[in-house]
Amino acid sequence: MRKIIAFLTIAGLAAATPALAQRDPAYAAARAAGQVGEQPDGYLGIVGAPSDALRRMVADINLQRKAAYAESAKDGSTVEQFAFVSGCNLIAKTAPGEKYRTPGGEWKTRTAAPPERDPRCL
C-alpha cells in the first residue's frame, strides 16, 4: 500500500503542475482574493457566494484537473485515488493567505504554519 501511495504522491505532483502553471489573471485574482481554494478531493472549490464567471472558471479548471487525473490514473490507480493524493499535494503547496478546505470541510486561510490535511496524506 505504501508503494502505491508513494507512486501516487509522485504522480500527483506531476499532474498538478500543469494546472498550477496555467494560472490566468482571473484565477490568480480569485485565489488572491480568497474566492477559491484547494480541497482535499483534488479539485478547486469556491469560497462564499460565486458570480457566474467564477463558477464557470472553477468548473473549467476542475474539468481540466479531472482529465489530467484520469490520464494519470491509467497506470493502475483510480481517478479518485489520484485526485485525493493531488489534493494532499495542492493543499501542502498553498501559500500563506490562500484558502484551503480542511478534512472537516471548513475553509481556512493558510498561515505560515502547515495546513490541516487528511491524516492519510504523506
Side-chain angles (χ1 to χ4, degrees):
M1 180 69 168
R2 284 195 181 272
K3 287 182 181 180
I4 291 172
I5 292 173
F7 167 77
L8 291 173
T9 300
I10 292 167
L13 290 171
T17 302
L20 294 174
Q22 295 176 359
R23 291 186 180 175
D24 65 23
Y27 171 70
R31 192 170 179 107
Q35 296 174 318
V36 297
E38 297 298 341
Q39 301 183 118
D41 64 1
Y43 296 96
L44 193 63
I46 298 172
V47 182
S51 66
D52 287 340
L54 183 63
R55 190 176 292 125
R56 283 190 303 274
M57 180 189 65
V58 169
D60 183 53
I61 289 169
N62 285 338
L63 282 174
Q64 291 176 35
R65 286 185 181 188
K66 187 170 186 172
Y69 299 157
E71 181 64 30
S72 298
K74 289 180 181 177
D75 294 329
S77 62
T78 68
V79 172
E80 292 78 15
Q81 288 169 325
F82 203 87
F84 171 79
V85 173
S86 294
C88 290
N89 294 327
L90 289 166
I91 289 172
K93 290 181 177 184
T94 56
E98 293 181 334
K99 297 283 190 182
Y100 71 96
R101 186 169 271 178
T102 67
E106 180 182 357
W107 284 108
K108 289 206 169 179
T109 302
R110 173 78 189 264
T111 65
E116 293 177 40
R117 297 188 308 154
D118 189 292
R120 296 172 290 170
C121 294
L122 297 177

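Small disclaimer: the values here were computed from a predicted structure and weren't measured.
- Rounded to the nearest 0.5 Å, atoms CZ (Arg31) and CD (Glu38) are 4.5 Å apart.
- Considering every non-hydrogen atom in both Arg110 and Pro115, the closest pair reads CZ-CD, 3.3 Å.
- Nearest heavy atom pair, residue Pro40 against residue Thr102, reads CG-O, 3.9 Å.
- In this structure, the separation between CG on Asp24 and CD1 on Ile61 is 6.5 Å, given to the nearest 0.5 Å.
- Partner Ser77 forms a side-chain contact (heavy atoms from CB on, under 4.5 Å) with one of Glu80, Gln81, Lys74 and no other, that one being Gln81.
- Closest approach of Val79 to Ala70, counting heavy atoms only: CG2-CA, 3.7 Å.
- Note that the CD1 atom of Ile91 and the NZ atom of Lys108 stand 12.0 Å from one another [nearest 0.5 Å].
- Across Trp107 and Gln39, no two heavy atoms sit closer than the pair CH2-CG, 3.8 Å.
- Looking at Val47, Thr94, Val36 one by one, the single match for side-chain contact (heavy atoms from CB on, under 4.5 Å) with Lys99 turns out to be Val47.
- A pairwise comparison of heavy atoms in Ala83 and Asp41 identifies CB-O, 3.2 Å as the closest pair.
- Distance CG/Leu44 to CD/Gln64: 11.0 Å, rounded to 0.5 Å.
- Applying the ring pair (Phe, Tyr, Trp, His ring centres under 6.0 Å) test to Phe84 and every residue at least two apart in sequence or in another chain returns nothing.
- Between Tyr43 and Tyr69, the ring planes are perpendicular. Angles over 60° get that label, and only those under 30° would be called parallel.
- In this structure, CZ in Arg117 is found 8.0 Å from CG in Leu122, a value given to the nearest 0.5 Å.
- To the nearest 0.5 Å, atom CZ of residue Phe82 and atom NZ of residue Lys66 are 14.5 Å apart.
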